[in-house]
Chemist: 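To start, I am sharing the structure in question, which I have written as structure tokens.
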2 protein chains.
Amino acid sequence: MADLARELGVSMTTISRALSDHYSIGPEMKSKVLKLAKKYNYQPNRLASALRKGKSKLLGIIVPYIEGRFFPSVVHGIETAARKAGYNVIICQSHEDVAQERQNVEALLSAQVAGIMVSLARTTTQFTHLEKVQNRGLPLVFFDRSMEGEDVHAVVLDDQEGALLSTRHLLAQGCRRIAHLAGPQHLSIYKNRCRGYVEALREAGLPVEEELITYTDMTQPEGAAAMNAWLTSPNPPDAVFSAGDYCALGAMQEAERLGFRVPDDVAISGFSNEAFTTITKPTITTVDQRCEEMGQATVRLLLELIEAEGSTFAARQIVLRPELLVRESSLGQVAEPVTTRTKKR
Amino acid sequence: MADLARELGVSMTTISRALSDHYSIGPEMKSKVLKLAKKYNYQPNRLASALRKGKSKLLGIIVPYIEGRFFPSVVHGIETAARKAGYNVIICQSHEDVAQERQNVEALLSAQVAGIMVSLARTTTQFTHLEKVQNRGLPLVFFDRSMEGEDVHAVVLDDQEGALLSTRHLLAQGCRRIAHLAGPQHLSIYKNRCRGYVEALREAGLPVEEELITYTDMTQPEGAAAMNAWLTSPNPPDAVFSAGDYCALGAMQEAERLGFRVPDDVAISGFSNEAFTTITKPTITTVDQRCEEMGQATVRLLLELIEAEGSTFAARQIVLRPELLVRESSLGQVAEPVTTRTKKR
DNA sequence: TTGTATGCGTTATCAA
DNA sequence: TTGATAACGCATACAA
């Protein structure tokens, strides 16, 4: 900047203002400065700018992991929206570990991010590190995996609705003994999926049987183990609604290993619309989580908070509508189109 | 820092030195400072530090995308190694688009990263934006997708070796008419995989037939299209070596749609060890790319360059050995263990 | 419309 | 072993 100022015979103030498109600078001056900046290949130092202004153009993201389809898609939505608003993004993975998550928070604070978006690790049950963020006045938005029943900003899927749709669909296929592969209940997403399952059974006047709900960590092996237990029991289920696709996959593989046919002997549905659900044989019925929309909504909310500065906002929850994707793993005798899109309750 | 200095009745200089473990500070002083820092929950401002020192603790990563298994794994390897060395990481996606890649470079330069790791977009054929990075003296390391035949630092897989192993394996299964799904040849990875394929045929004394090599963009649909063309031709191949897993998947699905059995009528092998290759029926033979090692090696090389400051280094290429994973899609009549690990040529 | 002067939080230099 | 001071690159309050 100093070079440009010298070359044009003006002050650095003028240069600074011209580059940031300040109203007090004349158009000819502006274009002269911009042209020279191009020529010298001027690269603004965002660190210095952030230091001076007390606010950076960096946003922090903490996700449990970035494999699979869901989180990359959300991150993509976030990136796109953030870039449009002139922000860059630092992605951290907690690898489902609270300690790592804490470290990530520290790292992001140190990097002076303007705000943080977080999807909780499965092992996170204490939230002091996140409260610290809020106490600092740094905007914080949860997405997908939020804190249960707290006064926080969050963008989540209507998980209960998704589970309700999926279970109802299994009922419509003629299934009457529907089991549920549930996830860790301290995470609201899994609790809500369980609620939706229960709600659908109630609607249908069916009992909720404890031995038909198995709590797992949502991995493929645990899905297989649970399925094995059910199918070797005296009164096996005729359908399984899993709160996650990996777990559903494990269950399906185990069922076939045991000689059961899917969906004829036991129907299966998952949750998340992972990419592999269209590749397996049979393809797996699942619930789409509007990943891109979730990312965009998260950024939008965060930017609002950032722009609102300190003025405390009422905690806001944005709830997205899920979409049931019916595929082969759940199709019973009742005819139904292979893909239905459910828009409203 | 000022607060700490006031409270302890010393200067900020002392605080700064104590916190950065400077040798000139006595141990009692150090521990006093550290204790107080804990108490006040002091968070260093890395922006200010970076501004002053002219070097940040941020590394930039540019990847084409983060879906699937390969890039997340490499990124994980990078993150782990980087964190150990006290660095944080900014991940950018080019979405296979040069323009986006250029933007990413700008963003990272603006963020004053200490170095950049990049895996090229498929559409990148001009390299001015990356040369600019090097001309600035900013360390740059390519991984996986590097510039062809240039004088750059890079960590890559021995793609030719991987292709050689895979094609040799198909030959060992008794296949004699092996086709190749090739990728864009301006990317060295795909060129080398093609070379390995050709080398294996040569070794076996087989001709390289032009109609048995189809150039694709490595997507599932193009794999299906190419397979369709081959299997509906008068003299179809009895095996296909694909330079990528998605493309192999498309080819396999198309073969089955046309009534061919895999591997009996046509054997198939892919490349990358994507997660879905163990889920399909049959499971897909593929080549593992040592993702984590690649990430670690990339960081190690980059940190060496950073620590070496300006002192120009000889361009260095690190080549990792691939691993052939034999699965069902390629198993012919000849008996062979389901998983072989090949360590040397 | 433009310029002067000052400070953001940290560290390097020099002197004590 | 410690401290005073300047500087990193930029943005703004205030004066002109």
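To find a chain, count down the sequence lines: A is the first, B the second, and so on, and within it residues start at 1.
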Chemist: In whole Å, what is the span from the CG atom of A:L109 to the P atom of C:dG9?
Modeler: 15 Å
Chemist: Both B:S49 and A:V10 contact DNA chain C. Which one's nearest nucleotide lies toward the 5' end?
Modeler: A:V10
Chemist: Where the side chain of B:Q317 meets the backbone of B:A154, is there a donor-acceptor pair that is under 3.5 Å apart?
Modeler: no
Chemist: Name the closest nucleotide to the B:R17 side chain, picking from C:dT11, D:dT12, D:dT2.
Modeler: D:dT2
Chemist: Can you figure out which of D:dG9, C:dT11, D:dT2 approaches the side chain of A:L51 most closely?
Modeler: D:dG9
Chemist: Report yes if at least one side-chain N or O of A:S24 is closer than 4.0 Å to OP1 or OP2 of C:dT1; otherwise report no.
Modeler: no
Chemist: Is it the case that the side chain of B:S110 and the backbone of A:P44 share a donor-acceptor pair, with hydrogens and angles ignored and the cut-off at 3.5 Å?
Modeler: yes
Chemist: Tell me the interatomic distance from A:M12, atom CE, to C:dG7, atom P, rounded to whole angstroms.
Modeler: 16 Å
Chemist: I'd like to know if B:T13 reaches the base of D:dA4 with its side chain such that a donor and an acceptor end up less than 3.5 angstrom apart.
Modeler: yes
Chemist: Nearest-Å distance, CD1 (A:I15) to C1' (C:dG3)?
Modeler: 12 Å
Chemist: Rounded to whole angstroms, how far apart are CD on A:Q112 and P on D:dG9?
Modeler: 19 Å
Chemist: Under 4.0 Å between any heavy atoms, over every strand shown, what does A:M1 touch: base, sugar-phosphate, or nothing? Just pick one.
Modeler: sugar-phosphate
Chemist: Return the 5'-most residue of the pair B:G26, B:K53 with respect to DNA chain D, ranking by each residue's nearest nucleotide.
Modeler: B:G26
Chemist: Tell me whether A:T298 contacts the main-chain N or O of A:F143 through its side chain, where contact means a donor paired with an acceptor under 3.5 Å.
Modeler: no
Chemist: Map B:H22 and A:N45 onto DNA chain D by nearest heavy atom, then report which one ends up closer to the 5' terminus.
Modeler: B:H22
Chemist: Return the value, rounded to whole Å, for the distance between atom CG of A:L19 and atom C1' of D:dG9.
Modeler: 12 Å
Chemist: Ignoring hydrogens and geometry, is there a side-chain-to-backbone donor-acceptor pair from A:S49 to A:N45 under 3.5 Å?
Modeler: no
Chemist: How long is the line joining CZ of B:R6 and P of C:dG9, in whole Å?
Modeler: 12 Å
Chemist: Below the 4.0 Å mark, does D:dC10 have OP1 or OP2 next to a side-chain nitrogen or oxygen of A:Y42?
Modeler: yes
Chemist: Provide, to the nearest angstrom, the distance between the NZ atom belonging to B:K30 and the C1' atom belonging to D:dT1.
Modeler: 11 Å
Chemist: Has the side chain of B:R52 got a donor or acceptor atom sitting under 3.5 Å from an opposite partner on the base of C:dT11?
Modeler: yes
Chemist: Looking for any heavy atom pair under 4.0 Å, which part of the strands does B:T14 touch: base, sugar-phosphate only, or nothing?
Modeler: sugar-phosphate
Chemist: Between A:Q93 and A:Q100, does the side-chain hydrogen bond (donor to acceptor under 3.5 Å, both in side chains) criterion hold? Intermediate values first, please.
Modeler: CA-CA 8 Å; A:Q93 302 184 61; A:Q100 184 66 257; over 6 Å; no
Chemist: Can you check the B:L47 CG to D:dG9 C1' distance for me, whole Å?
Modeler: 12 Å
